[in-house]
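Beneath this line is the structure, given in structure tokens, with notes to follow.
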Amino acid sequence: MITPFSNFNERKARVQRLYTNPVLDMALCGYERASEDEFFMPHAALTCVKQGRKTVYLDGKKHEMKEGDILYIPKYAVIYSDIEVKDRPFISLNTVIRDETLPGSDPAAILGAIAATVNQPQPLTQLARLHHMSLSTFKRWALRNTGSSLHQWIIQRRLERARYLLEHKRMPVSQACHESGFQDISYFIRKFRERFGLTPGSIRN
């Protein structure tokens, strides 16, 4: 299940803070045990593997990371992370880059809550009401903060989740379809092909 990011590393890792201020937070994170997680990232970040290996799915792409590899994570991203721990602990250097200049309602909090339930039905009228906005205001808010309609933002997050379930979890196409929040498998296959240029079945195989 996708969880909103909130001191995420502290719940799973041994954290050594190297530098922090209102904009930057840099820390070494050591994992003694393997960890597989799905989470929403409210801020931009850089993650650098110092020791060990991990697999990251970001924006529908698979990244096999080893020592020395660096990955930029844009704000409002949903990340699927599978950390290996074998003979030695896994260690990464993570730098979170906060943007304190965003106006209006906190986009990270709202989008994080939506991402956490991305595989469930999310009528826009209900979401607008939940966040105390009219439907028209909520649509304008979404366009300003995501660069697309909220419906499209949700569809993209569902497609990313489906690819992770197909490619990493080897889940059957129909199950990945429904567990990502799609109800119609034909629609799912069409949108998946538009997004990735491949069918869900070919990704799984």
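As a basis for the values below, the full set of heavy atoms in this structure was taken, side chains included, without hydrogen atoms, waters or symmetry mates. Keep in mind the model is a prediction, meaning the values are calculated, not measured.
The distance from the OH atom of Tyr31 to the NZ atom of Lys54 is 7.0 Å, given to the nearest 0.5 Å. With values rounded to the nearest 0.5 angstrom, Thr137 atom OG1 is found 14.0 Å from His131 atom NE2. Taking OG of Ser81 as the start and CE of Met41 as the end, the distance is 11.5 Å to the nearest 0.5 Å. Summarising the geometry, atom CG belonging to Asp37 is positioned 10.5 Å from atom CD1 belonging to Ile79; distances are rounded to the nearest 0.5 Å. With rounding to the nearest 0.5 Å, the separation of CG in Asn145 from NZ in Lys75 is 7.5 Å. Interatomic distance, CE of Met26 versus CG of Leu24, reported as 6.5 Å (0.5 Å rounding).
Every residue two or more places apart in sequence or in another chain that forms a side chain to side chain donor-acceptor pair (under 3.5 Å) with Thr117 is listed here: Gln122. Residues satisfying the salt bridge (charged side-chain N to carboxylate O under 4.0 Å, His left out) criterion with Lys61, sequence neighbours excluded, are absent altogether. Partners of His151 according to the ring-ring contact (aromatic ring centres under 6.0 Å, His included) rule, which considers only residues two or more places apart in sequence or in another chain, do not exist here. By the salt bridge (charged side-chain N to carboxylate O under 4.0 Å, His left out) test, Lys139 is found to be paired with no residue, residues two or more places apart in sequence or in another chain being considered. Asp184 meets the side chain to side chain donor-acceptor pair (under 3.5 Å) test with no other residue; sequence neighbours excluded. Applying the salt bridge (charged side-chain N to carboxylate O under 4.0 Å, His left out) criterion to Lys50, with sequence neighbours excluded, gives no partner residue. Checked against ring-ring contact (aromatic ring centres under 6.0 Å, His included), Phe90 has no partners two or more places apart in sequence or in another chain. Legend: residues meeting salt bridge (charged side-chain N to carboxylate O under 4.0 Å, His left out) with Arg88, ordered by chain and number and at least two apart, are Glu67.
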Pair Val56-Tyr80, side chain to side chain contact (heavy atoms under 4.5 Å, CB included): steps then yes or no:
CA-CA 6 Å; Val56 175; Tyr80 302 89; over 6 Å; no
Is there a side chain to side chain donor-acceptor pair (under 3.5 Å) between Asn21 and Tyr19? Walk through the geometry before answering.
CA-CA 7 Å; Asn21 69 22; Tyr19 179 80; 2.9 Å; yes
Going through the distances and angles, do Met65 and Thr55 end up as a side chain to side chain contact (heavy atoms under 4.5 Å, CB included)?
CA-CA 6 Å; Met65 299 185 68; Thr55 301; over 6 Å; no
Ring pair (Phe, Tyr, Trp, His ring centres under 6.0 Å) between His168 and Tyr57, worked out:
CA-CA 9 Å; His168 194 66; Tyr57 281 80; 5.6 Å; yes
For a side chain to side chain contact (heavy atoms under 4.5 Å, CB included) check, start with the C-alpha distance between Arg161 and Val78, then their side-chain angles and the critical distance, and finish with the verdict.
CA-CA 9 Å; Arg161 177 174 172 79; Val78 175; over 6 Å; no
Give the intermediate values and the outcome of side chain to side chain contact (heavy atoms under 4.5 Å, CB included) for residues His63 and Leu58.
CA-CA 8 Å; His63 303 269; Leu58 173 64; 4.2 Å; yes
Starting from the C-alpha separation in whole Å, work towards a yes-or-no answer on salt bridge (Lys or Arg N to Asp or Glu O under 4.0 Å) for Glu64 and Lys66.
CA-CA 7 Å; Glu64 295 281 5; Lys66 60 185 186 306; over 6 Å; no
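Ile154 and Met133 fall within a single hydrophobic cluster, where Ile, Leu, Val, Met, Phe, Trp and Tyr side chains are chained together by heavy-atom contacts under 4.5 Å. Taken together through direct or relayed side-chain contacts under 4.5 Å among Ile, Leu, Val, Met, Phe, Trp and Tyr, Leu198 and Leu159 form part of one hydrophobic cluster. Put simply, Ile155 and Leu111 are part of two different groups of oily side chains (I, L, V, M, F, W, Y) that touch within less than 4.5 Å, one to the next. Linking Ile, Leu, Val, Met, Phe, Trp and Tyr residues whenever their side-chain heavy atoms come within less than 4.5 Å places Leu135 and Leu127 in a single cluster.
A pairwise comparison of heavy atoms in Leu93 and Leu18 identifies CD1-CD1, 3.7 Å as the closest pair. In plain terms, the two heavy atoms of Gln183 and Gly181 that are nearest each other are NE2-O, 3.7 Å. The shortest heavy-atom contact between Val15 and Ala27 is CG1-CB, 3.8 Å. Ala108 and Pro42 get closest at one heavy-atom pair: CB-CB, 3.3 Å. Across every non-hydrogen atom of Pro74 and Ala77, the tightest pair is O-CB, 3.3 Å. Taking every heavy atom of both residues into account, Pro107 and Trp141 meet most closely at CA-CZ2, 3.5 Å.
Between Lys86 and Glu84 there is a salt bridge, since a side-chain N of the basic residue sits under 4.0 Å from a carboxylate O of the acidic one. Taking the charged nitrogens against the carboxylate oxygens, Arg157 and Glu160 do have a contact shorter than 4.0 Å, which makes a salt bridge. Between Arg14 and Glu32 there is a salt bridge, since a side-chain N of the basic residue sits under 4.0 Å from a carboxylate O of the acidic one.
Counting only distance, with no hydrogens or angles, the side chain of Ser180 and the backbone of Phe182 share no donor-acceptor pair below 3.5 Å. Put simply, the side chain of Thr146 gets close to the backbone of Ala142: a donor and an acceptor are under 3.5 Å apart. Not one N or O on the side chain of Ser92 forms a donor-acceptor pair closer than 3.5 Å with the backbone of Val49.
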Please table the atom pairs, donor to acceptor, closer than 3.5 Å between any side-chain atom in residues 186-193 and protein atoms at least two apart or in another chain.
residue	atom	partner	partner atom	Å
Lys191	NZ	Glu194	OE1	3.2

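Taking the six-membered ring where tryptophan is involved, the planes of Trp153 and Phe40 are perpendicular, since the angle between them exceeds 60° and thus also 30°.
Side-chain contact between Gln175 and Lys169 is absent, with no heavy atoms from C-beta onward closer than 4.5 Å.
A donor-acceptor contact under 3.5 angstrom links the side chains of Asn94 and Thr47, judged on distance only.
Around CZ of Arg170, the count of heavy atoms belonging to other residues, nucleotides or ligands within 6.0 Å exceeds 12.
Grouping Ile, Leu, Val, Met, Phe, Trp and Tyr residues whose side-chain heavy atoms lie under 4.5 Å apart, directly or via other members, leaves Leu143 alone, with no other cluster members. In this structure, Ile70 shares a hydrophobic cluster with Leu46, Tyr72, the cluster being traced through Ile, Leu, Val, Met, Phe, Trp and Tyr side chains under 4.5 angstrom apart.
Legend: salt bridge (charged side-chain N to carboxylate O under 4.0 Å, His left out) pairs involving residues 195-205, not counting sequence neighbours, sorted by first then second residue: Asp59-Arg195.
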